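What follows is one structure encoded as structure tokens, with my remarks underneath.
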Protein chains: 2
Amino acid sequence: MSKPKQVTIVEVAAAAGVSIATVSNVLNRGGIRSSKETIRKVELAAEQLGYRRNTMAAGLSRSKTYEIGLILPGLTNYYGELAEHLQIEAHNAGYHLSVFSSGGFDPDIERRNLEVLLQRRVDGLICHGLAMGFESTRSIVNSGTPLVLINGWNWPEDIALGAVNLGFAEACKQSTKLLVERGCKALCYVGSKGSKVIDEQRRKGFNAGIRQYASDVIHEIVDAKDLDMEAFLSSLLQRHAMPVGMIAFDDHVALRLLSAANKLRIAIPSQLQIIGINNDYIAKQSYPGISSWDIPYSYQAQSAINKLLHKFGNKAESGEEREIEVPLTFIERESTKSYKTE
Amino acid sequence: MSKPKQVTIVEVAAAAGVSIATVSNVLNRGGIRSSKETIRKVELAAEQLGYRRNTMAAGLSRSKTYEIGLILPGLTNYYGELAEHLQIEAHNAGYHLSVFSSGGFDPDIERRNLEVLLQRRVDGLICHGLAMGFESTRSIVNSGTPLVLINGWNWPEDIALGAVNLGFAEACKQSTKLLVERGCKALCYVGSKGSKVIDEQRRKGFNAGIRQYASDVIHEIVDAKDLDMEAFLSSLLQRHAMPVGMIAFDDHVALRLLSAANKLRIAIPSQLQIIGINNDYIAKQSYPGISSWDIPYSYQAQSAINKLLHKFGNKAESGEEREIEVPLTFIERESTKSYKTE
DNA sequence: CTGTTAGCGCCTTCAG
DNA sequence: CTGAAGGCGCTAACAG
């Protein structure tokens, strides 16, 4: 119950009556070039002594850690889900994923996290839409550690290997189209400026959609932060012809809108229609259900990990495009579609 | 942009014109016992060469990693939040937190994760209500790595240093009392058997509450999994006198109940009252708001980390009780209280 | 104050 | 097929 010495290959070697080289070979290379008999002896000894390979020593020795660093703005909701998938993919590829949260989009914490990861000599990095600037990032990562971005648009090639981006812009664009088709007379995007780039993409898509599908429709853009949903909604419905279509930054914002609407007895979807993003648990379980864009987590995670593996030279697979655009899929629910029953 | 050699203290030493020992001393011990001048020279050289300490080498050398392993059933919602707080606390104490998800309560993945962490020679472990049995855990952790549990009740002393547990039982017990006081004529706990121990604690508290505060009140226990909320609710309200009080496993389950109730036009709280647990974003933002029990994340995280630090002999602080019970605080909202306005 | 010298535990040629 | 030996980068006595 104390933590003195763990057993090492030296002891295993002694117990098995072979050299440490042989032990190393048997235990970490499937015993290629070792007799059946030797293998058995070594494995037995290792088992009995409770040998456990020391990752640090191994890593130091071969200067390869089989560790991938991940930096996210947080660990809840979307981020947590993504982290889980990345972890699974990393594991399947024989890598360990070290997860870090920067507590929001704080450049300082980000830098600190990066530093720690690099000190650990991770083989690669996956970061979510870094808040740090190009220069700042470059000066830190130029050490040669491959970096793949998640939701990072237009990063210079000398900094990042590439990026795997969710098609937020396209989703928002299609959302405007859809809302117009559903008869909306006015459109509104409720964003979240605090989320930097990913909010930017949504705005971009929203604006593009307006231009292409609803140039004559009244529209506006507001920020969810500190927004009094009830006051906002009632004012909105007074000012515009109904139904009004809203695109929310994510399902959380959508829920706030929905709740305010319910409270004000605003009819959904006849007076107000809402589309969220993420297809969270919330979207499915709220009443009425919120139409939302589903995220292909596994695919996104795989793409990111594969980009890294490709660079490592392990798996084949082509690394083709630098920026991979991952499309979201629309899940329609009652917030935009008349109830089936009733 | 390749990943050949990183600069080492040897090179820094050469550049600064001192020995590697001095470099090591300056760079990793605040330069105690080194002249101002030497310190400056070394720091300068290190800076210019872009030196970055190799964690593995350092860890290997002093057989201390300053790394703490964390194993959770997942990374979303409560778990993600907890992970973030633990990470912050760990960092403040100078430790790195390695987060792992076992994808639910899967004993096999858990074991694998534990194994990886031990191979990394983490200084300590924090695990959430392990799904593995005592024996299984003991055989893996007996290596001497201190283990602290989160929501782990009655674990043998020779396996775990202690535990930091949320007061789910008490919360559920108090919930029954409260619902009775609010006039509920029947009570129901909607649990989630898949969540093992934490569901168990809730049941225990619910039953205790029934015995003590509502022995004469009709009550039942059901499982949220695969439950048709609408059918269940309407049947429930037909069978029992209203209002019926419900205690949900967590706010997610509470939201499902609430949505079903809204759909069936069941009046809240006059016909149905709901209490959730976790005080998620959902509870605050749904309509009507869901009364819920708030979790003191920071406190919980601090307690867990402190237990470990205490064992490490770093910080003073007393390690007094083995099992710390962290009380939840009730946040009342409209799901149990008549609306203020209207 | 600063330099020398052993390791830490494992991997990896290179001989036998 | 197996053993011997030299690192990997850093730390920690122990001398100067």
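Predicted, not measured: the structure shown is a model, and the values here were computed from it. Proteins get letters first, then strands, A, B, ... in listed order; numbering begins at 1 in each.
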- Query: dC1(C) C1' sits how many Å from R40(B) CZ, rounded?
  - Reply: 17 Å
- Item | Under the side-chain hydrogen bond (donor to acceptor under 3.5 Å, both in side chains) test, residues paired with N28(A) that sit two or more places apart | R53(A)
Between the protein and nucleotides 2-6 of chain C, which nitrogen or oxygen pairs are less than 3.5 angstrom apart?
unit_1: dT2(C); atom_1: OP1; unit_2: S35(B); atom_2: OG; d: 3.2
unit_1: dT2(C); atom_1: OP1; unit_2: T38(B); atom_2: OG1; d: 2.4
unit_1: dT2(C); atom_1: OP2; unit_2: S35(B); atom_2: N; d: 2.9
unit_1: dT2(C); atom_1: OP2; unit_2: T38(B); atom_2: OG1; d: 3.1
unit_1: dG3(C); atom_1: OP2; unit_2: S19(B); atom_2: N; d: 2.8
unit_1: dG3(C); atom_1: OP2; unit_2: S19(B); atom_2: OG; d: 3.3
unit_1: dG3(C); atom_1: OP2; unit_2: T22(B); atom_2: OG1; d: 2.9

- Query: Can you tell me how far C1' of dG9(C) sits from NZ of K64(A), to the nearest Å?
  - Reply: 20 Å
- Message: If we ignore hydrogens and angles and just use 3.5 Å, is the side chain of T76(B) paired with the main-chain N or O of G80(A) as donor and acceptor?
- Response: no
- Message: Can you pull out the residues from residues 44-59 of chain A that lie within a 4.0 Å heavy-atom distance of DNA chain D?
- Response: none
- Message: Checking the side chain of E323(A) only, and the main-chain atoms of N154(A) only, is there a donor and an acceptor separated by less than 3.5 Å?
- Response: yes
- Query: So where does chain A start and stop touching DNA chain D, 5' to 3', when the test is distance under 4.0 Å to a non-hydrogen atom?
  - Reply: dC1(D) to dG9(D)
- Distance in angstrom units between N28(A) CG and dG9(C) P, rounded: 15 Å
- Ignoring hydrogens and angles, are the base of dG7(C) and the side chain of S61(B) linked by a donor-acceptor pair under 3.5 Å? yes
- Query: In degrees, rounded to 10°, what is the bend between the two ends of the helix from dC1(C)-dG16(D) to dG16(C)-dC1(D), using five pairs at each?
  - Reply: 40°
- Message: Can a donor-acceptor pair be found, under 3.5 Å and without considering hydrogens, that links the side chain of D123(B) to the backbone of I68(B)?
- Response: no
- Message: Taking T8(B)'s backbone N and O only, do any of them form a donor-acceptor pair with E11(B)'s side chain (distance below 3.5 Å, no angle check)?
- Response: yes
- Query: If you measure from OG on S102(B) to CD on E84(A), what distance do you get to the nearest 0.5 Å?
  - Reply: 9.5 Å
- Message: Does dC11(C) have OP1 or OP2 under 4.0 Å away from a side-chain N or O of S24(A)?
- Response: yes
- Any sub-3.5 Å donor-acceptor pair from Q87(B)'s side-chain atoms to S101(A)'s backbone N or O? yes
- Just how far is it from atom CD1 of I198(A) to atom CG of L166(A), taken to the nearest 0.5 Å? 9.0 Å
- Item | Side-chain (S63(B)) to main-chain (L60(B)) donor-acceptor, under 3.5 angstrom | no
- Message: Tell me whether E67(A) is salt-bridged to R121(A), with the criterion being a basic N under 4.0 Å from an acidic carboxylate O.
- Response: no
- Say you draw a straight line from CG of N77(B) to CG of L75(A); how long is it, rounded to the nearest 0.5 Å? 12.0 Å
- Message: Please report the distance, rounded to the nearest Å, between CG in L60(A) and C1' in dT12(C).
- Response: 14 Å
- Y78(A) vs H128(A) aromatic rings, parallel, tilted or perpendicular, using cut-offs 30° and 60°? perpendicular
- Message: Applying side chain to side chain contact (heavy atoms under 4.5 Å, CB included), can you list everything that pairs with F134(B), at least two apart in sequence or on another chain?
- Response: W155(B), P156(B), I159(B)
